[in-house]
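Report on the structure given below.
The sequence lines fix the lettering, A, B, ..., with proteins before strands; numbering per chain opens at 1.
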There are 2 protein chains.
Amino acid sequence: MGEHPGAIALAVSTVIFALRPDQPDAPAGLWLPLVRRIRPPYEGDWALPGGPLMIDEDLEDAAARTLGATTALEPAYLEQLYAFGTLDRSPEGAKDRVVSIVYWALVSSDEVATSAGANPENVSWFSVDDLPDLAFDHDVIIEYALWRLRNKVEYSRIAHAFLGDTFTLAELREVHEAVLGRSLDPANFRRQIESSNSVVPTGKRVLGTSYRPPRLYRYNTSVAPVDRGPLDRLPRKPRP
Amino acid sequence: MGEHPGAIALAVSTVIFALRPDQPDAPAGLWLPLVRRIRPPYEGDWALPGGPLMIDEDLEDAAARTLGATTALEPAYLEQLYAFGTLDRSPEGAKDRVVSIVYWALVSSDEVATSAGANPENVSWFSVDDLPDLAFDHDVIIEYALWRLRNKVEYSRIAHAFLGDTFTLAELREVHEAVLGRSLDPANFRRQIESSNSVVPTGKRVLGTSYRPPRLYRYNTSVAPVDRGPLDRLPRKPRP
DNA sequence: GGAATAGTGTCTATAAGACAGTATGCA
DNA sequence: TGCATACTGTCTTATAGACACTATTCC
C-alpha cells in the first residue's frame, strides 16, 4: 500500500462467516478466516482477507475472488457491508490513505469441513468470541458485520446459507440460535418459518435416528432471500 | 474523470432530500438538487452533486462539503448509502472506471426556503416524482436512497431533520405522510411518537390559529436518532 | 412400554390500525 | 353557539412468546 504518495488506494475486503462447533458435539458458533500480515504496519497482526480492486473487475467479483483465494469456496451469501475511509485508519495517516469497500459473506458449513486443508499459508480460522490482535480498524469492521448478520437473520432468509442442500427445522433453528446467541422456542420457530414460506418439505426424512425421524426441508428458491430494493436493478452475475 | 488510464477514480456523491410543497398550500413532497453536466459523457443530463475525494478528507466530510457547495446548507442528517462500482457505469467501460461512494442527506425545509437564491449555476431542484434524464446509474441510486429513506423513517427518528427547532405533532405527521406517500391516523401516530420518547413538549403553543392551538414539541436529543451499531465507534466530527 | 425428539394447541402480552367520541380556542 | 382542529378512549386484529400437550419412531 501507499506506493504512490498522494494517491488514495482502493481495496476490497471481505468478512467471511462460517458456522462450526468449537469442539465436537458442542453447540456451533461463528468462525471467520483471517490473514496474518507479514509487513508493516501492524506486522504480525491479523487482517481481513482482501486486496486492491482490479481495473476490470466488479466490486462484488473482487470480494468473491478474495473469498475464493482464502477459503477455496464459493459464497453462499454475499452483501456489501460499508465503505471505510477515515483518515486515521493507517498509522501513517494521509500518506497511506486506503479506502476499503468491505463485503460480508456466509459460506456453507459442510463445505468448510471438506476444504479444511485447502487453507493457504498465513490463513487461520478464529471464533468471533476469541479474536486475535487485529490490524487497522478491522475489529470495528468485524463487529459491524456481526451486528448486520444478527439483525438480518431476524428479518430475512439468509440462515440457510450456512446449511447444505436439505436440512431439518431443528438444524435451521440451531443456526439461528448460534447467530443470535440465545435459544429459541422450537414450536414458535417452526410456525414462524412455515408462515414465511422460506422452506418447502422434501417429503424425505432423516434416516438412522434412534427416535422419531424429522422431516427434511429444502430452501424455497422462488422467494427472494432478502429485499435489496432498487439495488436489484443493478447488474449481477449469477453465482453457481 | 479518467485522466490516468488504467486507474480507478474514487468519487463521493450525495443524494440531498428536502421537503417542500409543489405549489403553495399543496401537500409537501420530496425534492432534491441535481447538477447539469457540461461535458461528455451524458452532457446535458442531470447528475448527483459530488466530486473526487480529497486526500486529507474523510468520506463523510466530502459528502458534507459537496452538499454545502450545492445548497449552502448544513446536513440535518447524513448517512452513507452504498458504494457503486460496476464496470458498466460509464459508457466508456473500464477506460473511465469510477467507484462512487454515495451518501444521502436530509436538510431542513425552512432553511431551504431562506437560501433559495443561493443555488449556484447549473443546479436545479426537482421533485422525486418528476425527475429529468439522469447521467450514469444515478436513477438507480436515487431510487435506492428513496427506498432507504422510506424504510428508515418507519423505524428510526430522522423525520424531525426536515423540520425546524420546534414543531407540532401534525407537522411531524405531515413529514411522515410526505415521505411514505400515504396518510396516517393522527391518533395512532400521536401514540407511537409519544411512546417512542423522540419528542418532548416545550409547554408553548402555536399562536394565531383560528381554532384550538396545538402544542409545540422539541426533538429529544438525549435519544439517539438511529442505531448505527458498532459504526458509532468510528471517529465522527460533530456537525453544528 | 420407555426414551427421545418431532410436531401441535392454546393462552397471554403487546402492538398496530380503525374509528367514535370529547376538548378547546376563536369567530 | 358553531366550527375546526387538537386530543382521548376503545375495539379489533395480527404477532411474538411461554408452555402444556400429543405423535412417532427406535430400542
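- When all heavy atoms of B/A76 and B/A161 are compared, the closest pair comes out as CB-O, 3.4 Å.
- Side-chain atoms of A/D139 never come within 3.5 Å of backbone atoms of A/L134 as a donor-acceptor pair (strictly under, hydrogens ignored).
- Side-chain N or O atoms of B/T66 include one that pairs as donor or acceptor with a backbone N or O of B/A63 at under 3.5 Å.
- A/D232 is linked by a side chain to side chain donor-acceptor pair (under 3.5 Å) to A/R228, counting only residues two or more places apart in sequence or in another chain.
- Helix-axis bend for the helix from C/dG1-D/dC27 to C/dA27-D/dT1: the local axis fitted to the five terminal pairs at one end deviates from that at the other end by 20°, rounded to 10°.
- Under the rule for a side-chain contact (heavy atoms from CB on, under 4.5 Å), the partners of B/R148 that lie at least two apart in sequence or sit in another chain are B/E79, B/L81, B/W104, B/Y144.
- Legend: salt bridge (Lys or Arg N to Asp or Glu O under 4.0 Å) pairs involving residues 177-191 of chain B, not counting sequence neighbours, sorted by first then second residue: B/E154-B/R182, B/R173-B/E177.
- Looking at A/V199, A/L207, A/D165, A/T202 one by one, the single match for side-chain contact (heavy atoms from CB on, under 4.5 Å) with A/L216 turns out to be A/T202.
- Partners of B/T86 according to the side chain to side chain donor-acceptor pair (under 3.5 Å) rule, which considers only residues two or more places apart in sequence or in another chain, are B/D88.
- Of the possible polar contacts, one joining the B/R157 side chain to the B/S196 backbone as a donor-acceptor pair under 3.5 Å is found.
- Within residues 192-203 of chain A, no residue approaches DNA chain C, by heavy-atom distance under 4.0 Å.
- Listed for the B/T71 side chain is no donor-acceptor partner under 3.5 Å among the backbone atoms of B/G68.
- At distances below 3.5 Å, not a single donor-acceptor pair connects side-chain atoms of B/T14 with backbone N or O atoms of B/I16.
- Contact detail for A/A47 and A/A135: the closest heavy-atom pair is CB-CB, 4.2 Å.
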Worksheet, complete the sentence: Going 5' to 3' through nucleotides 19-27 of chain D and flagging B where a protein heavy-atom sits under 4.0 Å of the base, S where only the sugar-phosphate is that close, and - otherwise, we get B---BBBS-

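- Judged as a side chain to side chain donor-acceptor pair (under 3.5 Å), and not counting sequence neighbours, the contacts of A/Q80 are A/Y103.
- For DNA chain C, the contact window with chain B, defined by any atom under 4.0 Å from a protein heavy atom, covers C/dG17 to C/dC26 in 5' to 3' order.
- Within a heavy-atom distance below 4.0 Å of DNA chain C, the residues of residues 148-181 of chain A found are A/A170.
- Scored by the side-chain contact (heavy atoms from CB on, under 4.5 Å) test, A/A11 finds A/V98, A/S100 as partners (sequence neighbours excluded).
- Shown here are the side chain to side chain donor-acceptor pair (under 3.5 Å) partners of B/T168, two or more places apart in sequence or in another chain: there are none.
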